[in-house]
Amino acid sequence: MRTRKTDWRQPQENFVDHPYLQSTLREMHAILQSRRLWLTFLAILAIFILTGPFGTSETMSFADRLLYWTIVQVGAWMLAISFSIIANTLLAGHISHLLTRMMIGSLTAALPIGLLLTITNLIFYGREMGFTPFLKSSLSSLPLCAIFCLLSYLTTRQSFEKVADAETGTNANADWDVKGSIPLLERLPPQKRGELLRLSVQDHYTHIVTTRGQQLVLLRFSDALKEIGQTAGLQVHRSHWIADADVVSLRKQAGRLHVITRDGSEIPVSRSYSAVVQARFAALVPAR
């Protein structure tokens, strides 16, 4: 029984340690601590309760409006913010602009918000549940989702930037700066920005490997080489570049030279680069 209990707990620990989940939780924590965001939320909630938009001033008492708009606003804001944070984490390696990533997530939240509105209207108005009311509620919530996103972006942008800086590992002891010296790393999700190890061509993509992971980026190999900054390394093949720090040894196999990396990968060296590679890593004598 003890063995089963250990096996059951281990996947949960791995799940919590997942980098995407960690990044999402950090950003959620940062936003929840934003005083400006919650002051903005309270101001908008008060306006809705006092003015009674969408006919609620005529059909509801003040107490009913207080309860109705508190449920709707709290639920809608939490859904929109949660979806924005998730989209920001998942799309960080594909879309560079923070507001665009957040807007995609917030607009996607229109579906669960539409369901929330449908259920709330059923409780307060006795309206029927169905696909048509759900669809109307979802479509009507799209402008609100966009507004939520803009307000969240304007009031919590600094919080997002602080989280991103923490994830990239920038601190007083850092010996390189992601934005200043290695622009290529800005194309990676924050949790994968580490020491640059090697680049490889895969179709129209460049496969980027760092000490924190690997990522396929839609970028020409020649353009990727222009963004490695001051990273010491060498192009060893028309499709491969490797950092000096990732080279462990050289090996000849069937007359072809290969570079052995930290993780045991073998990178082929083309004949045109062979002499340069052997001169660069003269101390790493290939096995005969």
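Both backbone and side-chain heavy atoms feed into the values below; hydrogens, waters and symmetry mates do not.
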Scan side-chain atoms only and decide if [X] and [Y] contain a donor-acceptor pair under the 3.5 Å cut-off.
X	Y	result
R256	S270	no
H240	S200	yes
Q73	W77	yes
H207	Q214	yes
Q278	S274	yes

Please report the C-alpha distance between L67 and F124 in whole Å, then the side-chain angles of each, then the deciding distance to 0.1 Å, and finally whether the side chain to side chain contact (heavy atoms under 4.5 Å, CB included) criterion is met. CA-CA 10 Å; L67 181 59; F124 282 83; 3.8 Å; yes

Looking at [X] and [Y], what are the two nearest heavy atoms and their distance?
X	Y	answer
P268	V236	O-CG2, 3.8 Å
R198	D246	NH1-OD2, 2.8 Å
M78	W38	SD-CH2, 4.0 Å
F281	V247	CZ-CG2, 3.6 Å
Q235	W241	N-CD1, 3.5 Å
S84	M102	OG-O, 3.1 Å

Quick one: does [X]'s side chain have a donor or acceptor within less than 3.5 Å of a partner on [Y]'s backbone?
X	Y	answer
R262	T211	no
T210	K192	yes
S137	F134	no
S265	T261	no
T56	P53	yes
R212	E195	no

Could you please spell out the steps behind the side chain to side chain contact (heavy atoms under 4.5 Å, CB included) verdict for L122 and I119? CA-CA 5 Å; L122 171 66; I119 296 174; 5.5 Å; no

Side-chain touch [X]/[Y], heavy atoms, less than 4.5 angstrom:
X	Y	value
F62	L50	yes
I208	L196	yes
L218	H204	yes
I228	L199	yes
V277	L234	yes
L216	T206	no

Using the side chain to side chain donor-acceptor pair (under 3.5 Å) criterion, which residues pair with S138? Sequence neighbours excluded. none

Can you tell me how far [atom2] of [Y] sits from [atom1] of [X], rounded to the nearest 0.5 angstrom?
X	Y	atom1	atom2	result
L250	I260	CG	CD1	8.0 Å
L225	L184	CG	CG	9.0 Å
C149	L144	SG	CG	13.0 Å
H237	F221	NE2	CZ	10.0 Å
H258	S249	NE2	OG	12.0 Å
I71	L116	CD1	CG	8.5 Å

Could you pull out every donor-acceptor pair under 3.5 Å between side chains of residues 103-114 and any protein atom, sequence neighbours left out?
unit_1, atom_1, unit_2, atom_2, d
S106, OG, C145, O, 2.7
T108, OG1, I104, O, 2.7

Criterion side chain to side chain contact (heavy atoms under 4.5 Å, CB included) on I49 and T70, from CA distance to verdict: CA-CA 8 Å; I49 293 173; T70 300; 4.2 Å; yes

Answer yes if [X] and [Y] sit in the same cluster of Ile, Leu, Val, Met, Phe, Trp and Tyr residues linked by side chain heavy atoms under 4.5 Å apart, and no otherwise.
X	Y	result
V269	L197	no
I47	M60	no
I44	L39	no
V209	L188	no

Identify whether the distance between the nearest side-chain nitrogen and carboxylate oxygen of R187 and D223 falls below 4.0 Å. no

Does a side-chain N-to-carboxylate-O contact under 4.0 Å join R193 and E186? no

May I ask you to decide if the ring planes of W69 and F54 are parallel, tilted or perpendicular, using 30° and 60° as cut-offs? tilted

Assess R127 against Y125: is NZ or CZ under 6.0 Å from the centre of the six-membered ring, and within 45 degrees of the ring's axis? yes

Flag if over 12 foreign heavy atoms under 6.0 Å of OH, Y205: no

